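Here is the structure we will look at.
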Amino acid sequence: MKSKIWLSSPHMGGGEMKYVQDAFDQNWVAPLGKNVDEFETSIENFLNENKFVSALSSGTAALHLALVQLGVGYGDEVICQSFTFSASANPIKYLGANPVFVDSDESNWNMSPVYLEQAIQDRIKKNKKPKAVIVVHLYGMPAMMDELLEVCNKYDIPLVEDSAESLGSTYKGRHCGTFGEFALLSFNGNKIITTSGGGALVTNTKEQKDKTIFLSTQARDNAPHYQHSEIGYNYRLSNICAGIGRGQMEVLEQRVQKRRENHDFYKSLFSNIEAVNVFSEISSDFYSNHWLTSITINPTLTEKTNLELMTAFAEENIETRPLWKPMHLQPVFKDCPYYGETVAEDLFKRGLCLPSGSNLTSDDKKRINEVISKYQF
Ligand SMILES: *Cc1c(COP(=O)(O)O)cnc(C)c1O
């Protein structure tokens, strides 16, 4: 059996162990310490917009704490992009609130500003003004931020960015994760950089960061004994994991370049195959980290489906995966309101994510090339 080619696997830079060893040497084997502080600073410097970053145990935890701070509570509604991973919507339910899902723009794949406005207007008509809007930069592609922010500002609803997949992507020269009232980052094992598991919440003010850390460390009041006036969470990032993160931040730019090279490779691989479209930026305003390169198959040009191509890759021990199944089609969210048409659903039916790790070798690319050259579209 040939070795497995993964969709996106961890890729260490070499500096990680030094920081992990430091934590052991100084016995800061705890969810606080120098690695946590330095990791946060390195992300703040990278984002370059005077943001405040809190390192947390996951991206999901970061979104949860964003919604807590926006005052989302029982019975409230929060608008969320339907075309995403479930972690973009689950924290809404943790708070007893209800997601309202919105379809995507056909060429950008992220939330459609048109359907967003329809959704907001209709929810307001039903006396259910949404408490927040969660926009995702899927597969690293920046969402249409100008248009989305314009709609959110018009109705005075805070925008939360799910930047779990888009660290290193920019929109009009500005980093994804710096547009919203809050933004979450993820350092899960499959993301562009990893701490094995981890995340961060990006905020605009020092007060928001202090509040985030307060909530993530069990909401302890300032008292000699343990006293609590609010419900807390145990969401702070481990100092060991943060050590991995410090090493990963040193190679982030290289990782973005490598993933973008993978995207170029797929562009040329499919350049003569009319039935396949490689998902790409619609204009130079958008700069994707191309976390996962994705394709769609045009059903008017071939009978072959995405799942058949997936099987052809699997026979060569190459991992691929269909695009995210939209949230409004998930059994767990089937009763939630939905605004839009079949854009996300159609992408889900026709799309496939291809191996996109920054550690993809030229030998791996040769094997991928072989599958495609033999395949009859
Ligand atoms: C990975 C991911 C998350 C969740 O991040 P975790 O760190 O795994 O909790 C949220 N949203 C999207 C779009 C993701 O891809």
Side-chain angles (χ1 to χ4, degrees), residues 6-10 31 39-40 43 53-68 78-94 99 101-102 104 108-111 132-143 148 159-169 176-177 179-180 182-202 212 216 233-238 241-242 244-245 248 255 259 279 288-294 321-328 330 332-333 344 347-348 351 353 356-357:
W6 299 95
L7 199 63
S8 177
S9 65
F39 182 43
E40 289 175 342
I43 302 166
V53 169
S54 309
L56 300 171
S57 53
S58 72
T60 312
L63 179 56
H64 192 184
L65 294 188
L67 297 180
V68 168
V78 174
I79 289 182
C80 182
Q81 183 167 320
S82 183
F83 194 39
T84 187
F85 174 52
S86 64
S88 306
N90 285 336
I92 301 168
K93 293 300 258 183
Y94 300 169
F101 293 111
V102 168
S104 287
N108 174 260
W109 290 20
N110 292 306
M111 189 184 281
V133 172
I134 301 168
V135 170
V136 189
H137 308 290
L138 216 56
Y139 305 121
M141 184 61 71
L148 293 166
L159 186 151
V160 177
E161 282 176 275
D162 181 341
S163 292
E165 302 178 359
S166 65
L167 186 59
S169 301
C176 288
F179 292 89
F182 292 91
L184 66 105
L185 304 174
S186 170
F187 311 111
N188 197 18
N190 58 344
K191 300 287 157 58
I192 192 153
I193 61 165
T194 183
T195 58
S196 75
L201 187 63
V202 184
T212 303
S216 71
Y233 304 84
N234 184 6
Y235 279 171
R236 199 72 165 123
L237 184 66
S238 152
C241 296
I244 303 173
Q248 289 274 278
R255 298 296 182 259
R259 297 228 181 205
F279 178 47
S288 172
N289 68 11
H290 289 300
W291 171 59
L292 294 186
T293 294
S294 307
R321 199 175 297 155
L323 304 185
W324 299 123
K325 180 173 181 174
M327 291 304 114
H328 71 282
Q330 297 287 354
V332 73
F333 294 126
L347 290 170
F348 166 64
C353 298
S356 302

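Ligands are counted one by one from 1 in listed order, and the atoms in each one are counted from 1 as well. Counting begins at 1 with the first residue of the sequence. A quick note: this is a predicted structure, and the numbers were derived from the prediction, not measured.
Under a 4.0 Å N-O distance rule, the pair Glu40/Arg236 qualifies as a salt bridge.
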Please test His290 against Tyr139 for ring-ring contact (aromatic ring centres under 6.0 Å, His included), starting from the C-alpha separation and ending with a verdict.
CA-CA 6 Å; His290 289 300; Tyr139 305 121; over 10 Å; no
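Residues passing the ring-ring contact (aromatic ring centres under 6.0 Å, His included) test with Phe85, sequence neighbours excluded: Trp324. Scanning for ring-ring contact (aromatic ring centres under 6.0 Å, His included) contacts around Phe182 gives an empty result, with sequence neighbours left out. Judged as a salt bridge (charged side-chain N to carboxylate O under 4.0 Å, His left out), and not counting sequence neighbours, Arg255 has no contacts.
Centroid-to-centroid, the aromatic rings of Phe39 and Phe187 come within less than 6.0 Å.
Sorted by chain and number, the residues within 4.0 Å of ligand 1 by heavy atom are Ser58, Gly59, Thr60, Thr84, Phe85, Ala87, Ser88, Val136, Asp162, Ala164, Glu165, Ser186, Asn188, Lys191, Gly198.
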